[in-house]
Student: 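Take this structure, written in structure tokens, and hold onto it; I'll ask about it next.
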Amino acid sequence: MQLKKCCDDNFTAHLRRVYISSEFTDAPSYFVKRFNLFLSGKTAGESKSDMQTENEEEEDASVEEYVALTNYTGSGSDQLSFSSGDTLLVHSKPSSEWWWAELKGDIGYVPASYLRQDAAAAAAEEEEEEDEDPWQDEEYFGSYGKLRLHLEMLSDKSRTEAYRQVILSNSASLRNKVVIDLGCGTGIISLFCAQLAQPSEVFAVEASSMAEYTRQLVKQNGCEAVVTVLQGRAEEIELPERVDVLVSEWMGNCLLFEFMVESVLVARDRWLKEGGVMWPSSATLTLVPCQANSYYAEKMAFWEQPYGLDFTPLQPLAQQEFFTKPKFSHLIEPDDCLTTPCDVLCLDMYTLQVKDLEEIKGQFHFCLEKSGVFHGFTAWFTVHFESLETGGATVELNTGPNSEPTHWKQTLFMLDRPVSVFAGDSISGNILLRRNSVWRRHMTVTLHWSINSSTEETDTTQVGTKSFPMWR
Ligand SMILES: C[S@@+](CC[C@H](N)C(=O)[O-])C[C@H]1O[C@@H](n2cnc3c(N)ncnc32)[C@H](O)[C@@H]1O
């Protein structure tokens with residue numbers, strides 16, 4: 001339970017990229033003991049006699065059987081390799097992605113996403129999870145009921161000014177239109193509409209308790225004749241009429257995290273008039289292979305010689321602790337991009353369906369423009385707001401390294417091991433965003449890549465794959 005709570009804390013902490021704590025800080029002593037075992041280099045068999053503690057029975061009871069969904073080749077001596085169909089004994093789950101497991105007497109880390117519980121155990125777990133809200137609305141709307149996230153968003157000038165610009169540059173077309181501002185927060189977009197254009201009505205919908213203050217802000221700014229604040233989940237509220245424009249700021253880390261976009265799509269299908277306008281109108285996710293020298297030095301190379309001592313046995317642990325999940329709030333220097341970025345996903349907000357969100361795939365092919373160290377991939381998003389004015393320009397909110405930094409910054413996906421690459425090499429592959437089937441605001445990003453060397457006489461190809469949970 002402690003671990004679960006810890007994950008939940010991480011979830012809300014990562015909303016809008018605010019990082020708070022490590023997953024391990026709250027680990028129960030059982031897991032800590034298992035970590036010590038790992039560090040001592042003992043196998044499960046050897047450890048058995050050492051572990052004749054008063055807790056032994058309790059520990060044995062917590063060992064769970066899992067079946068491998070697919071083959072896995074462990075990297076390094078601390079990871080187990082296994083084949084599809086193997087039954088593994090999972091001793092502990094120190095993080096949501098890496099578990100400590102046993103197979104035929106060998107023990108090591110295994111990636112959790114490659115395993116499934118046998119049917120009986122899964123049913124028991126499902127029953128346990130049934131009571132929990134897969135949307136985590138209490139934590140989610142709880143965070144938006146406080147000022148911290150709103151302060152962060154409103155302080156983000158690039159973001160907020162982009163919405164202001166959309167309203168201002170379309171003010172003539174917005175005249176006498178009905179607008180829904182979905183997830184209005186403090187009401188900033190609704191207030192822009194009321195003050196910069198002349199819509200007939202703005203429905204400002206907000207599920208969190210912030211809505212009570214938003215009503216005051218609307219009044220305080222003299223906009224109550226136009227803006228009506230409705231407190232409730234967008235999926236459930238009733239409006240007196242359909243709307244001409246649906247505007248929303250729904251984007252999360254790596255575009256989709258939080259999956260607020262689902263609420264937008266549901267509201268679109270319920271309330272947008274035929275031919276109505278969606279703002280944003282489209283969204284793209286962009287990827288680039290990159291260097292991350294200082295992050296690598298800080299988290300991994302550090303262990304090579306701290307205070308003149310060899311701490312390299314800690315590097316596998318560092319890899320699991322720091323590189324398993326993506327690094328939110330990374331600010332990539334344009335110079336660290338190994339080549340020109342590539343758009344890997346493009347969502348059309350008019351045609352996108354809720355069911356499409358379960359699995360979204362994209363492809364990439366990069367030809368490296370410079371030599372360097374390939375540490376990972378950096379991702380960011382851009383959204384576009386179509387113009388309603390004849391000949392009007394599309395407004396763009398770009399969260400990439402060549403634009404003003406936003407509060408989302410960028411998301412870094414570190415490889416387990418850096419690879420030296422050369423100008424002319426190519427990196428191609430695909431990206432898969434798989435939504436968590438239980439925890440609906442979370443997803444796993446899987447990257448497959450192959451590096452083709454241009455410098456070898458015989459063509460060499462290195463392939464890799466890595467899954468990054470965000471956050472479960
Ligand atoms: C990213 S914030 C944007 C707030 C505001 N529009 C702004 O730009 O500052 C998203 C807001 O949408 C609200 N929200 C998320 N999902 C919602 C839903 N299904 N129904 C109503 N409000 C929702 C959140 O509580 C949060 O205040």
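Just so you know, these numbers use all the heavy atoms, side chains as well, and skip hydrogens, waters and symmetry mates. For clarity, every value in this text was computed on a predicted model and none was experimentally measured. Both counts, for ligands and for their atoms, begin at 1 and track the order of listing.
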Student: Can you check which of Glu206, Glu262, Met210, Arg159 brings a heavy atom nearest to atom 24 (C) of ligand 1?
Tutor: Glu206
Student: Taking the six-membered ring for Trp, are Tyr72 and Tyr114 parallel (under 30°), tilted (30 to 60°) or perpendicular (over 60°)?
Tutor: perpendicular
Student: Select one of side chain, backbone, both or neither to describe which atoms of Ser248 lie under 4.0 Å from any atom of ligand 1, heavy atoms only.
Tutor: neither
Student: Name all pairs fulfilling the salt bridge (Lys or Arg N to Asp or Glu O under 4.0 Å) condition that reach into residues 350-370, sequence neighbours left out, sorted by first residue then second.
Tutor: Asp335-Lys370, Glu358-Arg435, Glu358-Arg440, Glu359-Arg434
Student: Of all the atoms in ligand 1, which lie at a distance below 4.0 Å from a heavy atom belonging to His150?
Tutor: 27 (O)
Student: Check ligand 1 against Ile188 and write out every atom of the ligand that is under 4.0 Å from a heavy-atom position of the residue.
Tutor: 7 (C), 8 (O), 9 (O)
Student: Check for me whether Arg116 meets the cation-pi criterion with Tyr66, that is, NZ or CZ under 6.0 Å from the six-membered ring centre and within 45 degrees of the ring axis.
Tutor: no
Student: For ligand 1, which atoms, with element, lie under 4.0 Å from some heavy atom of Arg233?
Tutor: 19 (N), 20 (N)
Student: For ligand 1, which atoms sit closer than 4.0 Å to a heavy atom of Gly232?
Tutor: 20 (N), 21 (C)
Student: Report yes or no: is the cationic atom of Arg233 (NZ for Lys, CZ for Arg) under 6.0 Å from the centre of the six-membered ring of Trp135, at an angle within 45° of the ring normal?
Tutor: yes
Student: Looking only at heavy atoms, is any part of Glu249 under 4.0 Å from ligand 1, and if so is it the side chain, the backbone, or both, or is it neither?
Tutor: both
Student: Is Ala207 in polar range of ligand 1, meaning some N or O pair under 3.5 Å apart?
Tutor: yes
Student: Under a 4.0 angstrom heavy-atom cut-off, which atoms of ligand 1 come close to Ala234?
Tutor: 18 (C), 19 (N), 20 (N), 21 (C)
Student: When you measure from the centre of the six-membered ring of Phe322, is the NZ or CZ of Lys299 under 6.0 Å away and within 45° of the axis?
Tutor: yes
Student: Where does the angle between the aromatic ring planes of Trp449 and Phe374 fall among parallel (under 30°), tilted (30 to 60°) and perpendicular (over 60°)?
Tutor: perpendicular
Student: Taking atom 16 (N) of ligand 1 as the point of reference, which of Phe141, Trp250, Phe192, Tyr144 owns the nearest heavy atom?
Tutor: Phe141
Student: Given that the side chain starts at C-beta and the backbone is N, CA, C, O, which of these parts of Tyr140 lies under 4.0 Å from ligand 1, counting heavy atoms, or is it both or neither?
Tutor: side chain
Student: Using a strict 4.0 Å cut-off to heavy atoms of Glu235, name the atoms of ligand 1 that fall inside it.
Tutor: 19 (N)
Student: If you take all heavy atoms of Leu338 and Gln291, which pair is closest and at what distance?
Tutor: CD2-CG, 3.7 Å
Student: Classify the angle between the aromatic ring planes of Phe257 and His442 as parallel (below 30°), tilted (30 to 60°) or perpendicular (above 60°).
Tutor: perpendicular
Student: As an exercise, identify every atom of ligand 1 less than 4.0 angstrom from a heavy atom of Gly183.
Tutor: 3 (C), 4 (C), 5 (C), 6 (N), 10 (C), 11 (C), 12 (O), 13 (C), 14 (N), 22 (N), 23 (C)
Student: With sequence neighbours left out, what residues match Glu238 under side chain to side chain donor-acceptor pair (under 3.5 Å)?
Tutor: Arg270
Student: Mark up the atoms of ligand 1 that fall under 4.0 Å of a heavy atom belonging to Ser263, in ascending order.
Tutor: 19 (N)
